Amino acid sequence: MKKMGQLYEGKAKKVYATDEKGVYIVSYKDDATALNGLKKGSITGKGAINNRISNHLMAMLEEQNIPTHLVQELNDRETAVKAVTIVPLEVIVRNIAAGSLAKRLGLEEGLKLASTVLEFSYKRDDLGDPLVNEYHIKALALASEDDLRQIKEYSLQINTILGDYLLPLGIELVDFKLEFGKTDDGTIILADEISPDTCRFWDVKTHEKLDKDRFRRDLGGVEDAYKEVLFRLMGGL
Ligand code: UDP
């Protein structure tokens, strides 16, 4: 497979065309942003770590019958993925109150939610990815009713599978963000990434943060936290 021209550059990844039909290459960057792009930085080695973490978790989800964009890890920071059109929604799944939910609803961070919360944001950087509900999604045709039903079903399944997978590794799945895409034949699949950039991972025992909150909140030890997640996924404890 040959890498062709760059199609897109986002905050954490670049996407390239390839000479193979229906296949793109994503390249993970070390760049990190937070607070809707106001806070910028770089985390040494992040691209390579997230590439491996995301591929590992997507391969695990595939085994549990969740269709994902993963085709093949190519090298340290590059992966071949199925070409999709991204549904312009960020799906947020929450098990424990943290971040913007804790702030918005006046909840103490760490409060276990009585049931899983699903939220949607409209993917619009210029608007700061505003929260939308299912009426907005329908009214603005951001996703069809069938696609949204499928996206919700996969998101809740992923929450269960991922949470059950991480717990024995000493990682609590607090919340996370998913993005879905549509292939040429209209199939909805999981796209983007699953990594400490897009999830809140807390150590089960110490509640230490093993995710991007270390960067967002200037807690230090960002790279070590990402490495720790990869280490545990690779079988270390
Ligand atoms: N998240 C993300 N990208 C975003 C916004 C949120 O990956 O643009 C993830 C974030 O890492 C966390 C979850 O979604 O795991 C919920 O984030 P929240 O709404 O609390 O926003 P934040 O506090 O990160 O601004």
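It should be emphasised that the depicted structure is a prediction, and the values quoted were computed from it without experimental measurement. Both counts, for ligands and for their atoms, begin at 1 and track the order of listing. Hydrogens, waters and symmetry mates are skipped; everything else that's a heavy atom, side chains included, is used.
The protein heavy-atom contact nearest to atom 10 (C) of ligand 1 is Arg216 NH2, 3.4 Å. The single protein non-hydrogen atom nearest to atom 13 (C) of ligand 1 is Asp175 OD1, 3.5 Å, given as residue, atom name and distance. At the top of the distance list for atom 17 (O) of ligand 1, counting protein heavy atoms only, stands Arg200 NH1, 3.5 Å. Ranking the protein heavy atoms by distance from atom 6 (C) of ligand 1 puts Ile92 CD1, 4.0 Å first.
The shortest side-chain heavy-atom distance between Leu89 and Val132 falls under the 4.5 Å cut-off. Under the 4.5 Å side-chain criterion, counting only non-hydrogen atoms from C-beta, Val91 is not in contact with Glu179. Between Asn51 and Glu73, the closest side-chain pair of non-hydrogen atoms falls below 4.5 Å.
The environment of CZ in Arg214 is crowded: more than 12 heavy-atom neighbours from other residues, nucleotides or ligands sit within 6.0 Å.
With ligand atoms numbered from 1 in the order given, ligand 1 contributes 7 (O), 11 (O) to contacts under 4.0 Å with heavy atoms of Asp197. Under a 4.0 Å criterion applied to the non-hydrogen atoms of Ser100, ligand 1 contributes the atoms 18 (P), 19 (O), 20 (O), 21 (O), 23 (O). Near Lys177, with a cut-off below 4.0 Å to any heavy atom, the atoms of ligand 1 are 1 (N), 2 (C), 3 (N), 7 (O), 9 (C), 14 (O). Shown in contact with Gly99 at under 4.0 Å from a heavy atom are these atoms of ligand 1, numbered in order with element: 20 (O), 23 (O).
Residue-ligand proximity: Lys103 is placed with every non-hydrogen atom at 4.0 Å or more from ligand 1. Taking 4.0 Å as the cut-off, Glu90 counts as a neighbour of ligand 1 on heavy-atom distance.
Within the 4.0 Å cut-off (strictly below), a protein heavy atom is located near atom 8 (O) of ligand 1.
Note: no N/O pair closer than 3.5 Å links Glu119 and ligand 1 by distance alone.
For the pair Gly163 and Leu173, the tightest heavy-atom approach, listed with the atom from each and the gap, is N-CD2, 3.7 Å. Minimum interatomic distance between Phe180 and Ser155 (heavy atoms only, all atoms of both residues): CE1-OG, 3.4 Å.
Judged by the 6.0 Å distance and 45° axis criteria, Lys39 is positioned over the aromatic ring of Phe215.
Heavy atoms of Thr198 found under 4.0 angstrom from ligand 1 belong to the backbone as well as the side chain.
Below 30°, between 30° and 60°, or above 60°: for His56 and Tyr165 the angle between ring planes is between 30° and 60°, a tilted geometry.
Screening Ile194, Ile161, Val229, Thr68 for a side chain to side chain contact (heavy atoms under 4.5 Å, CB included) with Leu57, the sole residue that qualifies is Ile194.
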